[in-house]
Amino acid sequence: MKGSLIQISRRVIRLPNILNGRLYFSHPSASSQPPNNKLFVAGLSWSVDEKSLNDAFSSFGQVTEVRIMYDKETGRSRGFGFVHFSKDDEASCAKDAMDGKAFLGRPLRVSFALEKVRGAPVVVPRLTGIGNGEINKTR
DNA sequence: GTTGAGCGTT
């Protein structure tokens, strides 16, 4: 059973989970991604296109981009896509409202998209002393 | 006429 959220005077308190006599505190980002303005929408029916997906999500905020992944060869939908909003709270509102909701006969699976990494996270440390058996030697 | 968990063609 998941923890409940109660709100007391503008402060959100997360109640612990009780399982097998032990207490568990579930972190908000444990089972979901940190909030973005981009939503990952899966569970789409094969016949859902970007226009119908836009119409379904545009009522929660300003949708800046809708993209459905299609198969490179057959051109058919892969059953998932992405919806970009102009703000995070709009995406969050749309997620809470549309997640698990049936759409064209199939339950939708909505979650925050993973952060698109632009550029390889290759870090080239310019440390002195590496390779000589001496790290940050000072004199 | 098919299939069903997932994180994306600039």
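Keep in mind that what you see is a predicted model, and the values were worked out from it rather than measured.
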### Task
May I ask whether A:F82 stacks on the base of B:dG8, given the cut-offs of 5.5 Å between ring centres and 30° between planes?
yes
Within-4.5 Å side-chain heavy-atom neighbours: [X] and [Y]:
X: A:V66; Y: A:F57; answer: no
X: A:V41; Y: A:F82; answer: no
X: A:N36; Y: A:D88; answer: no

### Query
Does anything in residues 45-61 of chain A reach DNA chain B, meaning a heavy atom under 4.0 Å, and if so which residues?
A:S45, A:W46
Separation of [N] [atom2] from [X] [atom1] (nearest whole Å):
X: A:M69; N: B:dT3; atom1: CE; atom2: P; result: 23 Å
X: A:L39; N: B:dG8; atom1: CG; atom2: P; result: 16 Å
X: A:K95; N: B:dC7; atom1: NZ; atom2: C1'; result: 14 Å
X: A:Y70; N: B:dT3; atom1: OH; atom2: P; result: 20 Å
X: A:R109; N: B:dG8; atom1: CZ; atom2: P; result: 14 Å
X: A:L108; N: B:dA5; atom1: CG; atom2: C1'; result: 14 Å
X: A:R106; N: B:dG4; atom1: CZ; atom2: C1'; result: 5 Å

#### Entry: All salt bridge (Lys or Arg N to Asp or Glu O under 4.0 Å) counterparts of A:E65, not counting sequence neighbours
A:R67
### Message
Hydrogens and angles aside, do A:S52 and A:D49 bring a side-chain donor and acceptor to less than 3.5 Å of each other?
### Response
yes
### Task
Go through B:dG8, B:dT2, B:dG6 for me and flag the one nearest to the A:H84 side chain.
B:dG8
### Backbone of A:H84 reached by a side-chain donor or acceptor of A:T64 within 3.5 Å
yes
#### Entry: Side-chain N or O of A:R78 closer than 4.0 Å to phosphate OP1/OP2 of B:dT9
yes
### Query
For DNA chain B, whose closest nucleotide is more 5', that of A:K72 or that of A:A42?
A:A42
### Message
Can you confirm whether or not the ring centre of A:F112 sits under 6.0 Å from the ring centre of A:F40?
### Response
no
### Task
Just call it for A:L44: base, sugar-phosphate, or nothing, with non-hydrogen atoms closer than 4.0 Å on any strand.
base
